[in-house]
Amino acid sequence: MSSHKLQAPKGTRDWYPNEMSVRRHIEAAWRSASVDSGFDEIEGPTFEHLELYTIKSGEGIVNELFSFTRAGGDDTYALRPEFTPTLARMVVARAAQLPMPIKWFCMPAMFRAERPQRGRLREFQQWNVDLIGVAGAEADAEVIATGILALERLGLRPTDVQVRISHRDAVANILRRLGVAAESLHAAFELLDRRDKLDAAEFAKRAAALGLDEGARAGFERVARTTLPIATDIAELARNVDVPVEDVEPLAALRDRLSALGLADWCRWDLGIVRGLAYYTGMVFEFHEASGAERAIAGGGRYDTLVELFGGPKLPACGFGMGDVVLSLVLADRGLLKDAEAGAFLPRPDVFLLSNGAEAAERGVAGLEHSLRRAGFHVRRSYKQTRNIGKLLGDANKVRARFALIVDDKFADGVVTLKDLGAGTQADVWREDLDGLLRRAR
RNA sequence: GCGACCGUAGCUCAGUUGGCAGAGCACCGGGUUGUGGUCCCGGGUGUCGCGGGUUCAAGCCCCGUCGGUCGCCCCA
């Protein structure tokens with residue numbers, strides 16, 4: 001709002017209590033879905049040696065990084081733009097001693113020096129889930145299922161979000177069938193990925209360069225546009241893209257596994273999903289808002305060669321990243337964050353303590369407040385001068401306290417008034433019974 | 001890195017051909033010794049993003065800059 005130095009840097013966010021409560025709400029779903037699925041939480045440094053990021057992504061990535069050197073130092077560092085290189089480094093460092101499989105998750109802040117736009121900021125939280133050491137559809141489906149579990153816990157349903165799944169082996173088979181030479185496969189993936197950004201003439205030109213004639217181009221288009229329910233028989237899927245069923249065989253096990261997990265409604269085949277990353281080796285997927293309105297909510301896949309690329313043993317691996325920015329937009333669009341402004345995601349006090357101003361009460365409340373906190377309760381009070389009970393109850397209501405504890409001269413006899421702010425009822429109770437009453441009501 | 005639009009109170013915004021900065025909500029205080037979530041009264045809380053220019057006079061016009069929004073590039 002004001003200027004230069006006093007403003008938060010471009011593309012960053014300040015987390016006031018209401019915003020922070022929404023972030024914790026999302027992170028709680030991420031964490032609980034991860035832990036319940038058997039993943040352990042890890043964390044790495046916020047910055048790494050710059051070179052760590054060029055190993056798999058090349059020098060081109062440097063423009064998208066916040067990188068720096070220490071004053072007077074020579075080493076170049078970069079704020080982490082993604083977690084995978086750190087993950088690979090951590091796995092490689094202890095590959096020999098880690099029990100397999102490795103099931104790790106984290107939800108760190110990431111930094112990318114991009115121009116902010118809808119669904120994209122320069123700093124954001126990203127949930128990473130990775131399962132390393134297990135090959136095949138069993139692990140692929142478990143990773144996807146963990147992502148879906150978190151979304152379910154945030155109130156989303158298959159009508160809100162769809163997981164679009166493809167498999168590079170199947171797509172490679174189909175592309176070969178269309179006449180793409182092995183050495184052009186990578187370029188063909190890129191073209192598949194960029195098809196919507198190119199005009200028809202440019203697309204045709206590039207397709208021709210890959211060895212696709214007019215008929216094959218039509219087939220290529222058909223592959224790019226193929227989206228079918230995951231429950232679809234793979235023979236039908238094969239017919240749909242006009243290839244023999246063995247070409248799409250890699251999809252069968254994944255289909256069976258996801259169906260067995262009861263997640264078929266959440267998932268669709270989308271053979272146009274490529275993922276830009278060159279290191280994906282099998283299944284790839286993206287979570288999208290159901291109508292396709294937003295950027296991808298999450299993206300991931302299998303990367304069986306990555307650990308080796310970072311100097312470790314050959315280990316099969318599968319994982320995804322889910323950012324908080326697009327997810328928050330989708331949750332807001334679906335009305336799942338609508339009471340956040342009213343503090344609906346802030347922790348609710350168990351007790352709101354108020355004194356009517358009587359001498360015994362004034363003397364007693366401070367000690368009462370802290371002893372209730374020591375007993376494990378969330379206790380708040382008003383800092384207003386007034387001892388007007390109505391006003392103070394208004395404050396209790398504003399912070400959504402469950403109970404108001406009204407202290408008056410009866411406190412001298414060890415009696416306080418406990419008011420249930422939800423039910424509107426109240427009763428005089430012994431101070432010594434208070435902890436038990438509150439604990440039971442919780 | 002490029003382009004378009006935008007920037008007035010905590011929030012949403014109004015502000016005429018340049019002439020004393022406003023509304024609603026929020027917030028703060030009070031309502032004849034004590035009952036809230038829906039009453040009443042009072043309070044404007046401001047570097048009009050910032051810097052410069054034009055002018056007797058700038059929220060308004062001009063230039064620059066920072067930031068926001070949405071695209072492009074890129075998207076790990």
Side-chain angles (χ1 to χ4, degrees), chain A residues 1-14 16-19 48 52-58 60-65 78 80-88 110-122 124 126 128 190 193-194 196-197 274-280 284 286 294-296 298-301 303 306 319-323 325-326 329 341-343 352 354-359 361 382-410 417-426 428:
Chain A
M1 192 52 67
S2 56
S3 78
H4 33 271
K5 280 113 191 161
L6 294 181
Q7 286 176 306
K10 184 202 300 273
T12 63
R13 293 168 285 181
D14 289 329
Y16 290 90
N18 286 341
E19 289 86 47
E48 294 270 10
L52 186 73
Y53 299 116
T54 56
I55 292 174
K56 84 174 172 60
S57 306
I61 196 177
V62 174
N63 294 325
E64 308 294 332
L65 300 179
R80 63 183 168 206
E82 57 170 325
F83 194 73
T84 306
T86 300
L87 176 83
M110 305 294 186
F111 308 86
R112 298 181 183 177
E114 301 175 295
R115 190 75 189 267
Q117 51 190 294
R118 185 173 178 86
R120 262 173 77 168
L121 296 174
R122 289 184 157 190
F124 56 95
Q126 190 187 59
N128 282 255
E190 251 174 42
D193 195 32
R194 295 180 51 77
D196 288 331
K197 308 212 164 152
V274 176
R275 305 290 300 155
L277 243 21
Y279 65 73
Y280 285 120
V284 287
E286 291 178 354
E294 304 284 356
R295 291 167 194 286
Y303 50 95
L306 189 75
F320 69 85
M322 179 185 294
V325 183
V326 176
L329 290 172
E341 282 305 308
F352 195 94
L354 54 98
S355 155
N356 78 332
E359 199 187 329
S382 176
Y383 292 84
K384 286 180 176 159
Q385 294 303 304
T386 182
R387 290 295 178 267
N388 179 318
I389 301 289
K391 284 215 173 300
L392 298 175
L393 285 173
D395 283 356
N397 195 57
K398 225 171 298 177
V399 296
R400 297 159 53 253
R402 292 171 200 282
F403 290 94
L405 192 60
I406 303 167
V407 182
D408 53 26
D409 43 18
K410 291 195 295 293
T417 303
L418 186 62
K419 181 180 177 76
D420 183 325
L421 291 169
T425 56
Q426 68 182 56
D428 284 358

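No hydrogens, no waters, no symmetry mates; every other heavy atom, side chains included, goes into these values. Residue numbering restarts at 1 for every chain, and letters A, B, ... go by the order of the sequence lines.
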Could you please name the partner base of [N], counting Watson-Crick and G-U wobble pairs only when both distances are under 3.5 Å?
{"N": "B:C61", "answer": "B:G53"}
{"N": "B:U17", "answer": "none"}
{"N": "B:G36", "answer": "none"}
{"N": "B:C48", "answer": "none"}
{"N": "B:C70", "answer": "B:G3"}
{"N": "B:A23", "answer": "B:U12"}

_Using heavy-atom distances to pick each residue's nearest nucleotide on RNA chain B, tell me which of A:Arg194 and A:Gly11 is more 5'._
A:Gly11
*Toward the 5' end of RNA chain B, which comes first, A:Leu65 or A:Ile389, by nearest nucleotide?*
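Comparing both residues, the 5'-ward one is A:Ile389.
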The side chain of [X] is closest to which nucleotide in this list: [options]?
{"X": "A:Lys398", "options": "B:A76, B:C27, B:G71", "answer": "B:C27"}
{"X": "A:Arg120", "options": "B:A76, B:U35, B:C75", "answer": "B:C75"}
{"X": "A:Glu64", "options": "B:G71, B:U35, B:A76", "answer": "B:A76"}
{"X": "A:Ile406", "options": "B:G37, B:U35, B:G71", "answer": "B:U35"}
{"X": "A:Pro116", "options": "B:U69, B:C74, B:U35", "answer": "B:U69"}
{"X": "A:Glu82", "options": "B:A76, B:C28, B:G36", "answer": "B:A76"}

*asked:* Salt bridge check, A:Glu114 against A:Arg120: does any charged N sit closer than 4.0 Å to a carboxylate O?
replied: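 Salt bridge between A:Arg120 and A:Glu114, a charged N being under 4.0 Å from a carboxylate O: yes.
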*asked:* One thing to verify: whether A:Glu294 and A:Arg118 come together as a salt bridge, which I'm taking to mean a side-chain N less than 4.0 angstrom from a carboxylate O.
replied: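 Here A:Arg118 pairs with A:Glu294 in a salt bridge, since their nearest N and O are under 4.0 Å apart.
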Gap in Å between the two [atom1] atoms, one belonging to [N] and one to [M], rounded:
{"N": "B:A21", "M": "B:C60", "atom1": "C1'", "answer": "12 Å"}
{"N": "B:U12", "M": "B:A26", "atom1": "P", "answer": "15 Å"}
{"N": "B:G59", "M": "B:G53", "atom1": "P", "answer": "15 Å"}
{"N": "B:C63", "M": "B:C25", "atom1": "C1'", "answer": "37 Å"}
{"N": "B:C11", "M": "B:G49", "atom1": "P", "answer": "13 Å"}
{"N": "B:U45", "M": "B:C66", "atom1": "P", "answer": "32 Å"}
{"N": "B:C75", "M": "B:U17", "atom1": "C1'", "answer": "49 Å"}
{"N": "B:C72", "M": "B:G37", "atom1": "C1'", "answer": "50 Å"}

*At under 4.0 Å between heavy atoms, what does A:Gly357 touch on the DNA or RNA strands: base, sugar-phosphate, or nothing?*
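Nothing, no nucleic acid heavy atom in range.
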_Categorize A:Asp408 for me: base, sugar-phosphate, or nothing, with a 4.0 angstrom heavy-atom threshold over every strand shown._
base
For [X] and [N], give me the distance from atom [atom1] to atom [atom2], rounded to whole Å.
{"X": "A:Glu359", "N": "B:G34", "atom1": "CD", "atom2": "P", "value": "17 Å"}
{"X": "A:Leu393", "N": "B:U38", "atom1": "CG", "atom2": "P", "value": "14 Å"}
{"X": "A:Gln117", "N": "B:G1", "atom1": "CD", "atom2": "C1'", "value": "13 Å"}
{"X": "A:Arg122", "N": "B:C74", "atom1": "CZ", "atom2": "P", "value": "17 Å"}
{"X": "A:Asn18", "N": "B:A26", "atom1": "CG", "atom2": "C1'", "value": "12 Å"}
{"X": "A:Asp428", "N": "B:G34", "atom1": "CG", "atom2": "P", "value": "16 Å"}
{"X": "A:Phe83", "N": "B:A76", "atom1": "CZ", "atom2": "C1'", "value": "14 Å"}
{"X": "A:Glu19", "N": "B:G10", "atom1": "CD", "atom2": "P", "value": "15 Å"}

Could you tell me which non-hydrogen atom of [X] sits nearest to which non-hydrogen atom of [Y], and how far apart they are?
{"X": "A:Thr417", "Y": "A:Asp408", "value": "OG1-OD2, 4.5 Å"}
{"X": "A:Leu421", "Y": "A:Ala396", "value": "CD1-CB, 3.8 Å"}
{"X": "A:Val325", "Y": "A:Leu121", "value": "CG2-CD1, 3.9 Å"}
{"X": "A:Tyr53", "Y": "A:Glu82", "value": "CE2-O, 4.1 Å"}
{"X": "A:Ala298", "Y": "A:Met322", "value": "CB-CB, 3.7 Å"}
{"X": "A:Pro116", "Y": "A:Gly11", "value": "CG-CA, 3.8 Å"}

*Tell me whether the OP1 or OP2 atom of B:G67 has a side-chain N or O from A:Lys10 closer than 4.0 Å.*
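Answer is yes, contact under 4.0 Å.
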*B:C75 OP1/OP2 closer than 4.0 Å to side-chain N/O of A:Arg112*: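 Checking B:C75 against A:Arg112, no side-chain N or O comes under 4.0 Å of OP1 or OP2.
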Protein-nucleotides 2-5 of chain B N/O pairs closer than 3.5 Å?
from : atom 1 : to       : atom 2 : distance (Å)
B:C2 : N4     : A:Arg115 : NH1    : 2.8

With the criterion being N/O to N/O and under 3.5 Å, what pairs connect the protein with nucleotides 30-33 of chain B, and how long is each?
from  : atom 1 : to       : atom 2 : distance (Å)
B:G30 : O6     : A:Lys391 : NZ     : 3.2
B:G31 : O6     : A:Lys391 : NZ     : 3.2

*Is the backbone of A:Glu64 close enough, under 3.5 Å, to the side chain of A:Arg112 for a donor and an acceptor to pair up by distance?*
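Answer holds: no.
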*Please confirm whether the backbone N or O of A:Gly343 pairs with a side-chain atom of A:Arg400, one donor and one acceptor, at under 3.5 Å?*
yes
*Tell me, yes or no, whether the heavy-atom count around A:Glu359 atom CD, taken from other residues, nucleotides or ligands under 6.0 Å, exceeds 12.*
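Open: at most 12 neighbouring heavy atoms sit under 6.0 Å from CD of A:Glu359.
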*Would A:Ile389 and A:Lys419 count as a side-chain contact (heavy atoms from CB on, under 4.5 Å) if you check the C-alpha gap in whole Å, the side-chain angles of each, and the deciding distance to 0.1 Å?*
CA-CA 12 Å; A:Ile389 301 289; A:Lys419 181 180 177 76; over 6 Å; no
